[in-house]
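Accompanying notes for the structure given below.
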Amino acid sequence: MYAIGNDHSAIELKNIIKQHLESRGIEVKDFGTNSPESCNYAEYGEKVARAVASGECERGICICGTGVGISIAANKVNGIRACVCSEPFSAKLSKQHNDSNILCFGARVVGTELAKMIVDAWLDAEFEGGRHQKRIDYLKEIEKSNYPAAKKPASRCKKEK
Ligand code: RB5
């Protein structure tokens with residue numbers, strides 16, 4: 001099961017990517033948003049990230065206008081390595097070298113066909129381990145040195161104007 005999430009700027013592309021994943025035989029859990037109302041990308045990045053970090057979903061895809069905001073949000077969750085990729089080469093390497101568990105891109109940056117190519121490059125790549133594993137281990141050590149967040153953020157999407 002793969003998690004997918006997006007803000008209001010990426011509903012159309014999210015639905016296309018969701019269909020694309022399903023056409024490859026991948027089950028998808030959609031964390032929204034499915035409303036065109038302006039919302040906070042961070043809420044959806046967090047939902048996808050928590051689903052991946054908990055093991056509920058294997059990996060995830062996050063889409064906002066640029067892919068930047070939603071990736072920053074996802075990377076706040078321990079265990080997440082979310083990478084913004086606007087072309088297939090980075091997407092492939094983000095899996096092979098960085099073991100990226102969330103792929104992000106921008107609906108205002110990439111077109112539909114390029115987005116599918118980015119997704120395919122990422123899905124088809126495998127983490128190479130070896131010398132890259134100790135770098136991932138170091139990232140985990142950085143996380144361990146952080147204080148746990150006290151509570152969830154107060155502002156939620158529906159309250160926004
Ligand atoms: C929303 O207007 C936009 O800021 C958001 O989709 C994203 O690009 C943020 O990084």
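We count ligands from 1, going down the list as the structure has it; atoms in each ligand are counted the same way. This structure is a prediction, so every number in the text was calculated from the model and none was measured. Here, residue 1 is the first one in the sequence, and each next residue gets the next number.
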Have a look at K116 and tell me which of T112, L114, I118 forms a side-chain contact (heavy atoms from CB on, under 4.5 Å) with it.
T112
Point-to-point distance, once rounded to the nearest 0.5 Å, from SG of C64 to CD1 of I70:
5.5 Å
Would you call the rings of H97 and H132 parallel, tilted or perpendicular if under 30° counts as parallel and over 60° as perpendicular?
parallel
So OG of S100 and CH2 of W122: to nearest 0.5 Å the spacing works out to 6.0 Å
Give a yes or no on whether the backbone of N98 and the side-chain of R81 come within a donor-acceptor separation of less than 3.5 Å.
yes
May I have the N/O to N/O pairs between ligand 1 and the protein that fall below 3.5 Å, each with atom names and distance to one decimal?
from: ligand 1; atom 1: 2 (O); to: R108; atom 2: NH1; distance (Å): 3.3
from: ligand 1; atom 1: 6 (O); to: D7; atom 2: OD2; distance (Å): 2.5
from: ligand 1; atom 1: 6 (O); to: S9; atom 2: OG; distance (Å): 3.4
from: ligand 1; atom 1: 6 (O); to: G65; atom 2: N; distance (Å): 2.7
from: ligand 1; atom 1: 8 (O); to: G65; atom 2: N; distance (Å): 3.3
from: ligand 1; atom 1: 8 (O); to: T66; atom 2: N; distance (Å): 3.0
from: ligand 1; atom 1: 8 (O); to: T66; atom 2: OG1; distance (Å): 3.3
from: ligand 1; atom 1: 10 (O); to: T66; atom 2: OG1; distance (Å): 3.3
from: ligand 1; atom 1: 10 (O); to: G69; atom 2: N; distance (Å): 2.9

How far does CD of E141 sit from OH of Y138, to the nearest 0.5 angstrom?
9.0 Å
